[in-house]
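Encoded as structure tokens, the structure appears first; notes follow it.
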Amino acid sequence: MSVHVQNSRMTTAKLRQMKTAGEKIAMLTSYDFTLARLLDEAGVEILLVGDSASNVVCGNQYTLPITVDEMIFLTKGVVRAAQHALVVCDMPFGSYQVSEEEAVRNAIKILKESGCDAVKLEGGEEILPAIRHMIQAGVPVMGHLGLTPQSVNQFGGYGLRAKEEAEAEKLLHDAKLLDEAGCFSIVLEKIPADLAERVTKAVSCPVIGIGAGNRCDGQVLVLHDMLGLNQGFKPKFLRHFAQLADDVKNAAGQYVSAVKEGSFPSAEESY
Ligand code: KIV
């Protein structure tokens, strides 16, 4: 029997057991109650309220503008829906970089007000003191290395990270530091598959990949992207598991026609 189905609620300890057992972990982003309930029922083990909400929910070009209070608002709905999945909330840009004290204060605020299980933050050695303080305070932390979208202005785009040996070695070093500090998991975004495998083997915590090949302990995708809601966005690593943009447009188009021709609502649909 898989680790996941033995007990109904996912925990950070069970995620470690899944890594040890070689059982892959399925994580998706989630931003609202209705879809979170479906993802939870489908067996998704980690629901990430990603700061990608800034893009796919709010329509911003970057993840940078979203605030702690906006993340808490979205996370509350996901928490209410999750019967089994572990719910992780992204700490938005600016909420953990200024000082360790502010980072811990914001992490505790997110946990207390949203009811989520854990937080995720982007970066390695630079933010290690903040991560250590959070973990000491009892906040479960997920790390995020490789392409870290909050640093888009530093990187100058969303290209593949850690192609060169020096950056690859720094990433491996950072992953070991996060693991030793007690992160319960690490996301690796858009890095070569061989490097992702090296990191996965080098750390004791589960490694979740996005654009990092299939030798990680699990995978994550942005929900709107994998559902095909975001038609213009099709990087090499993304698989569309549905084409919902077409379905939504067809349904809305049929509704518009039915309203305009007066066939909706019918007699049966009226009181
Ligand atoms: O915000 C987000 O959606 C993420 C995933 C891409 C891992 O951080």
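Read the numbers this way: they start at 1 and go in the same order the structure lists the ligands and their atoms.
Remark: Arg16 fails to qualify as a cation-pi partner of Phe184 under the 6.0 Å distance and 45° angle criteria applied to the six-membered ring.
With Leu178 as the fixed residue, the side-chain contact (heavy atoms from CB on, under 4.5 Å) test singles out one of Val203, Ile127, Leu128: Leu128.
For the residue pair Thr200 and Asp217, no side-chain donor N or O sits within less than 3.5 Å of a side-chain acceptor on the partner. Remark: the Asp246 side chain and the Gln231 side chain contain an N/O donor-acceptor pair separated by less than 3.5 Å. In summary, the side chains of Thr148 and Gln150 do not present any donor paired with an acceptor at a separation below 3.5 Å, with no hydrogens or angles considered.
Scanning for ring-ring contact (aromatic ring centres under 6.0 Å, His included) contacts around His133 gives an empty result, with sequence neighbours left out.
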Are there any protein N or O atoms under 3.5 Å from the N or O atoms of ligand 1? List them with distances, or say none.
residue: ligand 1; atom: 1 (O); partner: Asp51; partner atom: N; Å: 3.2
residue: ligand 1; atom: 1 (O); partner: Asp51; partner atom: OD1; Å: 3.0
residue: ligand 1; atom: 1 (O); partner: Ser52; partner atom: N; Å: 3.1
residue: ligand 1; atom: 1 (O); partner: Ser52; partner atom: OG; Å: 3.3
residue: ligand 1; atom: 1 (O); partner: Asp90; partner atom: OD2; Å: 3.1
residue: ligand 1; atom: 3 (O); partner: Ser52; partner atom: OG; Å: 2.5
residue: ligand 1; atom: 8 (O); partner: Lys120; partner atom: NZ; Å: 2.8

